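Since this is a predicted model, take the numbers as computed values, not measurements.
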Amino acid sequence: MKSNPTTDQMNRGEFMRNLGLSSVALMAFYCMGTGLTACSKSSDDGTPGGTVVTPAAGVTGNADASKGAISFTIDLTNANYSKLKTAGQYSIIGSLIVAKSKSGSFIALSKTCTHEGTEVQYRATQDDIYCSNHGSEYSLTGAVDVGPATKPLTQYKTSLSTDGNTLIVTA
Ligand code: FES
């Protein structure tokens with residue numbers, strides 16, 4: 001007697017359900033066993049420096065170092081970037097991190113940690129640049145203060161208009 005494949009065979013999901021596992025437990029099981037990308041956390045994707053996000057409205061020019069010389073203008077009256085008028089704030093713009101330091105000066109550095117490429121952040125309390133991946137710390141000029149990073153971040157020039165509403169960033 002031949003068996004009926006549609007009724008005799010149990011697929012993986014049915015088998016697991018028969019074991020009494022919930023759909024959440026099933027998803028966890030699949031993620032453990034298969035390493036599906038859909039199960040991965042996006043912050044762990046290994047992309048150096050994260051994705052170079054196209055700047056929001058308020059930025060004109062080139063903010064992506066892979067597309068040529070950095071040269072862009074930030075409209076600080078635009079809601080997307082007006083926080084940069086406040087000391088201690090920062091934005092990721094293209095492949096850069098732009099911050100207004102505690103002292104009120106503007107800094108612009110490459111956003112990619114030179115250790116393994118994680119996107120860095122500005123820490124107002126410490127007034128430094130920090131990589132949360134392995135703890136590298138950089139000064140506001142991009143120099144390494146604490147490793148494991150050994151190479152500095154690329155520093156860019158900033159120039160604020162006299163009315164304080166426009167910041168120009170150049171290589
Ligand atoms: S990737 Fe930044 S410290 Fe390792």
Side-chain angles (χ1 to χ4, degrees), residues 24 27 31 35-171:
V24 173
M27 194 62 189
C31 289
L36 292 172
T37 53
C39 301
S40 302
K41 288 196 311 181
S42 61
S43 60
D44 288 342
D45 64 5
T47 306
T51 309
V52 177
V53 179
T54 303
V59 168
T60 52
N62 178 38
D64 184 348
S66 72
K67 293 184 176 166
I70 291 293
S71 180
F72 62 92
T73 300
I74 307 169
D75 177 1
L76 299 177
T77 65
N78 189 294
N80 292 321
Y81 299 104
S82 57
K83 68 177 183 177
L84 287 174
K85 285 190 163 199
T86 305
Q89 295 292 314
Y90 77 95
S91 286
I92 299 295
I93 301 175
S95 52
L96 277 70
I97 179 170
V98 177
K100 185 167 186 175
S101 71
K102 267 167 58 173
S103 68
S105 61
F106 283 96
I107 61 149
L109 300 164
S110 54
K111 70 171 186 175
T112 306
C113 179
T114 59
H115 178 229
E116 288 184 0
T118 299
E119 186 174 285
V120 297
Q121 58 191 264
Y122 171 72
R123 297 191 301 185
T125 305
Q126 293 84 352
D127 201 29
D128 71 359
I129 302 295
Y130 176 68
C131 177
S132 62
N133 201 352
H134 309 104
S136 287
E137 296 175 18
Y138 301 87
S139 75
L140 299 185
T141 64
V144 177
D145 283 340
V146 176
T150 57
K151 294 179 187 163
L153 299 171
T154 303
Q155 186 178 27
Y156 297 92
K157 297 179 191 129
T158 60
S159 172
L160 186 66
S161 63
T162 50
D163 64 5
N165 289 330
T166 305
L167 184 69
I168 297 171
V169 180
T170 52

Q: For Asp127 and Lys102, run salt bridge (Lys or Arg N to Asp or Glu O under 4.0 Å): C-alpha distance rounded to whole Å, both residues' side-chain angles, the deciding distance at 0.1 Å, then the answer.
A: CA-CA 6 Å; Asp127 201 29; Lys102 267 167 58 173; 5.8 Å; no

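The distance from atom CG of Leu109 to atom OH of Tyr122, rounded to the nearest 0.5 Å, is 11.5 Å. Here Ile168 contributes atom CD1 and Ser159 contributes atom OG; the two are 5.0 Å apart, rounded to the nearest 0.5 Å. In this structure, Thr166 OG1 and Ile74 CD1 are separated by 9.5 Å, a value rounded to the nearest 0.5 Å.
In this structure, the side chain of Thr114 does not engage the main chain of Ala149 through any donor-acceptor pair within 3.5 Å. In this structure a side-chain-to-backbone donor-acceptor pair under 3.5 Å is missing from Ser71 to Asn62.
Residues Ile129 and Ser139 have side chains not in contact (no heavy-atom distance under 4.5 Å, counting atoms from C-beta outward). The side-chain heavy atoms of Val98 and Ile107, taken from C-beta on, include no pair separated by under 4.5 Å.
At a cut-off of 3.5 Å, with distance as the only test, a side-chain donor of Ser103 or Ser101 sits close to an acceptor on the other residue.
Tyr156 and Val169 make their closest contact through CB-CG1, 3.9 Å (heavy atoms, listed as atom of the first residue, atom of the second, distance). Considering all non-hydrogen atoms of both residues, Ser95 and Ala65 come closest at OG-N, 2.9 Å. Minimum heavy-atom separation, Leu153 to Val120: CD1-CG2, 4.4 Å. The two residues Val146 and Gly135 come nearest to each other via the heavy atoms CG1-O, 4.1 Å.
Sorted by first and then second residue, the pairs that involve residues 80-90 and meet side-chain hydrogen bond (donor to acceptor under 3.5 Å, both in side chains), not counting sequence neighbours, are Asn78-Asn80, Lys85-Asn165.
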